[in-house]
Each structure stands twice: as structure tokens, then as C-alpha cells.
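Have a look at the structure below before the remarks.
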Amino acid sequence: MRVLYFGTYERGYPRNSQVISCLRRAGVEVDERHRAVWEPGGANWTAGTRAALRLLAAELRLLRRAEPYDALVVGYPGHFDLPAARQVAQGRPVVFNPLVALADTLVHDRGRFRPGSPPARLLRAVDRYAFRAADAVVADTEVNAEHFARLAGLPRHRLEVCLVGAEERLFQPGWSPGDGSAALFVGKLIPLHGLSTILEAASLAPDLPIRVIGRG
């Protein structure tokens, strides 16, 4: 089986790397067609004319004809890539790996736009279009899959779940109390990542060292 991993996704972002790695370990041949717009670090995560032009240029470059593939996977954040993906797929299945809904993360989580404002309504419309334009949507948890289905008005069978994993070369089972291990959180300190839940859990296990690494 051959898959094209497609879009303006963040190359090297853990969620994209995880999906690509899982596909390859399952024996799937994965090629990438990537045009940089959103890159790790967030310096170019801005709204405005310059960002819109950068996105448009990337989408036009993505439109060239693809070699035959069994499926096309749109990586995170690929919400604006679905029109180009459908063109390139030429009837082959399109799978969307969104991680989040744009309105959720930019309006409710990061507070970039006010709820009910024109940008918030536009983001919600983009979310709905992107989810509905894909033949299948991949969520990272069962709860998120249910949320995406409600948001887009999709039947639940249109969504699949690929649970968040960890780098197996670094993290191995076998921990036991008292062996010097510590719990580790690495990520942005935003509500979506559940730091308040982690700290509440830490209060229930005061003898377990917990290290928090992140910013935000």
C-alpha cells in the first residue's frame, strides 16, 4: 500500500511524526508532499494578509498532479489543505489528521479571537468544511472523535481513533515505585494540555517526583 502524506503540516510535529511512523511500521509506503507555512516554534502562526498570501502560494504549489497512491493523508494543521487534497486525490480516499478544531484552539483555548466574532465564525466554518470534505477523520482520543462528529454533523463511523503514543526508543514499560523514576510533562502550558488535571493528580501522590517542562 502506498500513501501520500500531504499539505502545509508542521514537519516534525509529534502528531504527524507519530502517524507517519505508525504507517511505515505497518508496512505502508509513505511519501510526503509538503509546502512550509506552519512550522514548529509558532513564529509564523499569525493572521493577516501576509499569512493568507503565504498560504495561497503553498496551496497552489501543492496542486501538481500526484503519482498513483492508494490514499492521501492530510497532516496537522491541514484544515485549509482539503480543497487541494481533493483535487490531487482524484477520487482516491482522503484521510484528515487534524489533532484539533481550529475554533477550539484559537478561540476557546488560546483566546486569540472573541467567541461569536467574525473570525471565530469563519474558523468554525473552516472546521466543518475540512472534517466533512475528508472521507475519514483521525482523532487522538474517543472523546475527541465524538466532539469532531458533533461539530461537523458527521456519523461516528466517519471518524477513526489513533491514540497518542510516546517515543518507544525513549520510554519503556517497567517503572516501579521507589526506583528513582519521576513523572514528566513536556508541552505548552495551555488548558488543552490539562496541566491543572496533572497538578491535581500530583497532589494525590505526594511521594512521586513530578517535573513540568513547557511554556505558555
Side-chain angles (χ1 to χ4, degrees), residues 1-10 13-30 32-33 38 62 66 69-110 112-113 115-116 119-166 168 187-188 190-198 201:
M1 184 175 183
R2 193 177 186 193
V3 163
L4 179 63
Y5 206 86
F6 178 94
T8 55
Y9 57 90
E10 286 192 43
Y13 189 85
R15 181 61 177 171
N16 293 315
S17 298
Q18 178 195 18
V19 172
I20 292 172
S21 176
C22 286
L23 287 169
R24 287 176 173 159
R25 289 181 61 184
V28 177
E29 183 181 349
V30 181
E32 295 187 64
R33 180 182 295 183
W38 326 109
L62 287 170
Y69 291 93
D70 296 292
L72 187 151
V73 180
V74 178
Y76 163 80
H79 300 70
F80 295 101
D81 300 338
L82 267 296
R86 293 243 62 114
Q87 284 277 100
V88 172
Q90 296 184 326
R92 292 184 289 270
V94 174
V95 180
F96 184 26
N97 173 35
L99 183 66
V100 295
L102 291 181
D104 287 341
T105 192
L106 294 176
V107 178
H108 303 295
D109 192 41
R110 301 185 185 215
R112 292 281 297 276
F113 304 106
R121 293 198 298 271
L122 175 61
L123 289 171
R124 184 64 71 191
V126 170
D127 285 330
R128 285 179 59 85
Y129 169 79
F131 292 142
R132 295 173 73 92
D135 296 294
V137 177
V138 179
D140 57 352
T141 66
E142 292 287 349
V143 172
N144 223 13
E146 297 286 348
H147 173 63
F148 290 162
R150 288 192 302 271
L151 184 155
L154 290 174
R156 177 62 180 80
H157 68 79
R158 290 271 299 275
L159 292 99
E160 301 291 342
V161 175
C162 178
L163 297 175
V164 174
E168 293 183 359
K188 293 186 177 71
I190 56 177
L192 177 67
H193 290 181
L195 184 60
S196 60
T197 301
I198 294 170

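Positions are given from 1 along the sequence. Keep in mind that what you see is a predicted model, and the values were worked out from it rather than measured.
Residue Pro98 comes nearest to Phe148 through the heavy atom pair CG-CE1, 3.8 Å, listed as atom of the first residue, atom of the second, then distance. The minimum heavy-atom distance between Thr141 and Leu163, with the atom names listed, is CA-CD2, 4.2 Å. In terms of heavy atoms, Ala134 sits closest to Phe96 at CB-CB, 3.7 Å. When all heavy atoms of Ala120 and Ala103 are compared, the pair lying nearest together is O-CB, 4.4 Å. What you find for Val94 and Ala89 is that their closest heavy atoms are CG2-CB, 3.6 Å. Annotation for Leu82 and Ala130: closest pair CG-O, 3.7 Å, computed over non-hydrogen atoms.
Residues meeting the side-chain contact (heavy atoms from CB on, under 4.5 Å) test with Glu142, sequence neighbours left out: Arg156, Val161.
Within the 4.5 Å cutoff, side-chain heavy atoms of His147 are placed close to those of Asp104. Residues Leu123 and Leu106 meet the side-chain proximity criterion, which asks for heavy atoms closer than 4.5 Å.
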task = I would like to know whether Ile20 and Glu32 meet side-chain contact (heavy atoms from CB on, under 4.5 Å); could you show each step before the answer?
result = CA-CA 9 Å; Ile20 292 172; Glu32 295 187 64; 3.9 Å; yes
task = Report the C-alpha separation of Arg92 and Leu4 in whole Å, then their side-chain angles, then the decisive distance to 0.1 Å, and conclude whether the side-chain contact (heavy atoms from CB on, under 4.5 Å) test is met.
result = CA-CA 11 Å; Arg92 292 184 289 270; Leu4 179 63; over 6 Å; no
request  = Could you walk me through whether Leu151 and Asp127 pass side-chain contact (heavy atoms from CB on, under 4.5 Å), step by step?
outcome  = CA-CA 8 Å; Leu151 184 155; Asp127 285 330; 3.8 Å; yes
request  = Test side-chain contact (heavy atoms from CB on, under 4.5 Å) on Val100 and Arg15 and set out the steps.
outcome  = CA-CA 11 Å; Val100 295; Arg15 181 61 177 171; over 6 Å; no
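Checking side-chain atoms of Arg121 against main-chain N and O of Gly116 turns up a donor-acceptor pair under 3.5 Å. Side-chain N or O atoms of Asp70 include none that pairs as donor or acceptor with a backbone N or O of Val3 at under 3.5 Å. Arg33 places a side-chain N or O within 3.5 Å of a backbone atom of Leu62 that can act as its donor or acceptor partner. Side-chain atoms of Arg158 do not come within 3.5 Å of backbone N or O of Val137 as any donor-acceptor pair. Of the possible donor and acceptor atoms, none in the side chain of Asp135 sits under 3.5 Å from a partner among the backbone N and O of Val95.
Interatomic distance, CG of Leu102 versus CZ of Arg128, reported as 14.0 Å (0.5 Å rounding). Residue Leu99 holds its CG atom at 7.5 Å from CG of Asn144, rounded to the nearest 0.5 Å. Once rounded to the nearest 0.5 Å, the distance linking CZ of Arg2 with CG of Leu72 reads 12.0 Å. Rounding to the nearest 0.5 Å gives a distance of 9.5 Å between CD1 of Ile198 and NE2 of His193.
Of the residues Tyr76, Tyr5, Tyr9, the one that meets the side-chain hydrogen bond (donor to acceptor under 3.5 Å, both in side chains) test with Asn97 is Tyr5.
Glu146 CD: more than 12 foreign heavy atoms inside a 6.0 Å radius.
Classification of Asp81 and Arg86 as a salt-bridged pair fails, no side-chain N sitting under 4.0 Å from a carboxylate O.
Ring geometry for His79 against Phe131 counts as perpendicular: the plane angle is over 60°, on a 0 to 90° scale with 30° as the lower cut.
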